[in-house]
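Report on one structure; see the data block that follows.
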Amino acid sequence: MFVEFIFMTHNRFIPQNYNNTISKGNVTWQSPSNIALVKYWGKKEAQIPQNPSISFTLNTSKTITRLEFTEKADRSNFSFEVYLEGEQKDSFKPKIETFFKRIELYLPFLKTYHFKIDTSNTFPHSSGIASSASGMSALALCLMSVEKLLQAPNFNMDYFYEKASFLARLGSGSACRSLKGSLVVWGKHDAIKNSSDLFGVEYPYKVHENFANYQDTILLVDKGEKQVSSTVGHNLMHNHPFSKQRFEQANANMVNMKTILENGDLKAFIELVESEALALHAMMMTSLPYFILMKPNTLEIINKVWAFRAATGMHLGFTLDAGANVHLLYPESEKQAIMDFIKNELVVYCQNEQYICDNVGFGANEML
Ligand code: DP6
């Protein structure tokens, strides 16, 4: 019964015959990064998450991808070239090849065309901030625009976004949460209607005005390559001594978050979000092999944030993704004082004093 249901929902994304034939063209999308409040860490086969997650979509940290497609004679292989900020980037090819293999069933035109993928980011190159979410979602959206051209004139846009998120997930799990905003849930949870393990859905309930234009200042503590990739980290959740408790905690936190989003309790919000960040890193420290992605300056910042909060009562909290950088989250109403604090006391802990000012956004856009 369950297997049948999953199969049916997958089937929905396998297209029938296309109406049109097109020999060449190009499409462009910009898609933002996102920051998880309840974290995804651990997955099953085919990029199915072990627990539901929820994220703020970001606004200024984005990837812009232009996809050019040209019909080719030989249909036996994928054929594509990739450019980052105008320079050929062969190191991206294996990840994209894997992505194409995973999604070929759902996009049967993939071997019909040669693709030129031209991508750039609004955030500094190799800043260590997650570009896989924005990058994979932008590429998935470009591919869906090609499908839309092949299927025109009637293309349902709800289906477009759902399938684009489904495809983005197969590129990188967190990417499926970047298409819409300002809050997106990925992973089945009984308390969130229409939530799915297969794609992200816009958070469907009331959100308190305290969260409107919520700020995220990203402190770039360490811009180097991570020693342990997210994919390896997720895999270490298999046979992890605390995985069961962690997945239960995340499920419970989804319910707690729903209450917080409704009543606007910022103290409870900070407590939940910081606890999630530290639980994520605790999983890394207690897997085998164990590893630590935080750096000394990550901890310096956390301690300063806690001292500032105790002294001022302001609603400044932090979260972390799978790296050393710190996302500082706070309401717009406290922006002035908190930015002064960041500039005066925290920027010294950033590599080359670099940080990114972002805020919640509303998802991806096609650039026509
Ligand atoms: C810590 O989505 O990068 O940022 O599915 O293997 O590509 P893959 O992993 P990825 O993992 C993100 C993990 C996280 C938490 C989160 O964004 O929910």
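Just so you know, ligand 1 is whichever comes first in the structure, and atom 1 is the first atom listed for that ligand. In what follows, every heavy atom counts, from backbone to side chain, and hydrogens, waters and symmetry copies are set aside.
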Between CD1 of I260 and NE2 of H208, what distance do you get to the nearest 0.5 Å?
12.5 Å
Contact check: S53 vs ligand 1, nitrogen or oxygen atoms, below 3.5 angstrom:
no
Minimum side-chain heavy-atom gap S178-T57 below 4.5 Å
no
Nearest non-hydrogen contact to atom 15 (C) of ligand 1 from the set W41, Y40, W186 belongs to Y40
Contact atoms of ligand 1, heavy-atom distance to A322 under 4.0 Å:
1 (C)
Return a yes/no value for V38: is any of its N or O atoms, backbone included, closer than 3.5 angstrom to an N or O of ligand 1?
no
Please check whether K39 reaches ligand 1 - meaning an N/O of the residue sits under 3.5 Å from an N/O of the ligand, judged on distance alone.
no
May I ask which of G233, S174, P49 has a heavy atom nearer to atom 2 (O) of ligand 1 than the others do?
S174
Please say whether the positively charged group of K258, taken as NZ for Lys or CZ for Arg, lies over the ring of Y205, i.e. under 6.0 angstrom from the six-membered ring centre and within 45 degrees of the axis.
yes
Determine, step by step, whether F318 and V273 satisfy the side-chain contact (heavy atoms from CB on, under 4.5 Å) criterion, reporting the C-alpha distance in whole Å, the side-chain angles of both residues, the deciding distance to 0.1 Å, and the verdict.
CA-CA 7 Å; F318 72 85; V273 167; over 6 Å; no
Could you say whether the N/O atoms of S172 and ligand 1 ever approach to under 3.5 Å?
yes
When you measure from atom 8 (P) of ligand 1 to every protein heavy atom, which one gives the shortest distance, and what is it?
K43 NZ, 3.6 Å
Sequence neighbours excluded, the answer for side-chain contact (heavy atoms from CB on, under 4.5 Å) partners of I342 is T217, L219, L328, Y330, I338, M339, L346, V347
Test of proximity, R177 against ligand 1: N or O pairs below 3.5 Å
yes
Taking 4.0 Å as the limit for heavy-atom contacts, which would you say applies to N34 with ligand 1: side chain only, backbone only, both, or neither?
neither
Should the pair Y106 and F166 be assigned to parallel (<30°), tilted (30 to 60°) or perpendicular (>60°) ring geometry?
perpendicular
Would you confirm whether E334, through its side chain, and H315, through its main-chain N or O, come within 3.5 Å as a donor-acceptor pair?
yes
Test of understanding: with side-chain contact (heavy atoms from CB on, under 4.5 Å), list the residues that count as partners of K95, not counting sequence neighbours.
S132, M136
With a 4.0 Å cut-off on heavy atoms, does M136 reach ligand 1?
no
Identify the protein heavy atom lying closest to atom 4 (O) of ligand 1, giving its residue, its atom name and the separation to 0.1 Å.
D321 CB, 3.7 Å
For atom 9 (O) of ligand 1, the protein heavy atom that lies nearest, with its residue and separation:
H234 NE2, 3.0 Å
